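Single-structure report; data block below.
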Amino acid sequence: MVGSGSRREVRALERLVRSLCAEVELVATREAPGNRHRACNETALQLEAFEERREEALAALRPGDEPAMFRIGRLKRIAEALACSRDFFRRAI
């Protein structure tokens, strides 16, 4: 049985992951396509990494039978990865 504290933590992490996805997308696309940062190999790789992280996040947000402690761990790891993407694009602008 999942406690209400675990359910609240899962919901909070799900909101965080959704928010980070939206924020990274906004920050990453804020630059004009011709911006010198977009032409950079590192930026291209970071965009690719973000796309993979977003796909993983969307998969993690789908309902499933995963135990709460595993779901919490997975959502935390995804949130940390998305925060790395956000930090890169904030510095790149």
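Given the structure is predicted, the values throughout are model-derived calculations rather than measurements. Worth knowing before you read on, the calculation uses all heavy atoms, side chains too, and leaves out hydrogens, waters and symmetry mates.
- Distance CZ/F50 to CG/L45: 15.5 Å, rounded to 0.5 Å.
- Here R18 contributes atom CZ and R15 contributes atom CZ; the two are 9.0 Å apart, rounded to the nearest 0.5 Å.
- The nearest pair of heavy atoms linking V10 to A68 is CG2-O, 4.4 Å.
- Of the possible polar contacts, one joining the R71 side chain to the A60 backbone as a donor-acceptor pair under 3.5 Å is found.
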I'd like to know whether E51 forms a salt bridge (charged side-chain N to carboxylate O under 4.0 Å, His left out) with R54, so could you lay out the CA-CA distance, the side-chain angles of the two residues, the decisive distance to 0.1 Å, and finally the verdict. CA-CA 5 Å; E51 289 299 324; R54 181 173 36 191; 2.4 Å; yes
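- In this structure, E42 places its CD atom where more than 12 heavy-atom neighbours from other residues, nucleotides or ligands lie under 6.0 Å away.
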Result block: side-chain N/O donor-acceptor pairs under 3.5 angstrom for residues 72-89, not counting sequence neighbours:
{"unit_1": "R74", "atom_1": "NE", "unit_2": "E66", "atom_2": "OE2", "d": "3.3"}
{"unit_1": "R74", "atom_1": "NH2", "unit_2": "E66", "atom_2": "OE1", "d": "3.0"}
{"unit_1": "K76", "atom_1": "NZ", "unit_2": "E9", "atom_2": "OE2", "d": "3.4"}
{"unit_1": "R77", "atom_1": "NH1", "unit_2": "E56", "atom_2": "OE2", "d": "3.0"}
{"unit_1": "R77", "atom_1": "NH2", "unit_2": "E56", "atom_2": "OE2", "d": "2.5"}
{"unit_1": "S85", "atom_1": "OG", "unit_2": "R53", "atom_2": "NH1", "d": "2.6"}

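- In this structure, E52 has no side chain to side chain donor-acceptor pair (under 3.5 Å) partners at least two apart in sequence or on a different chain.
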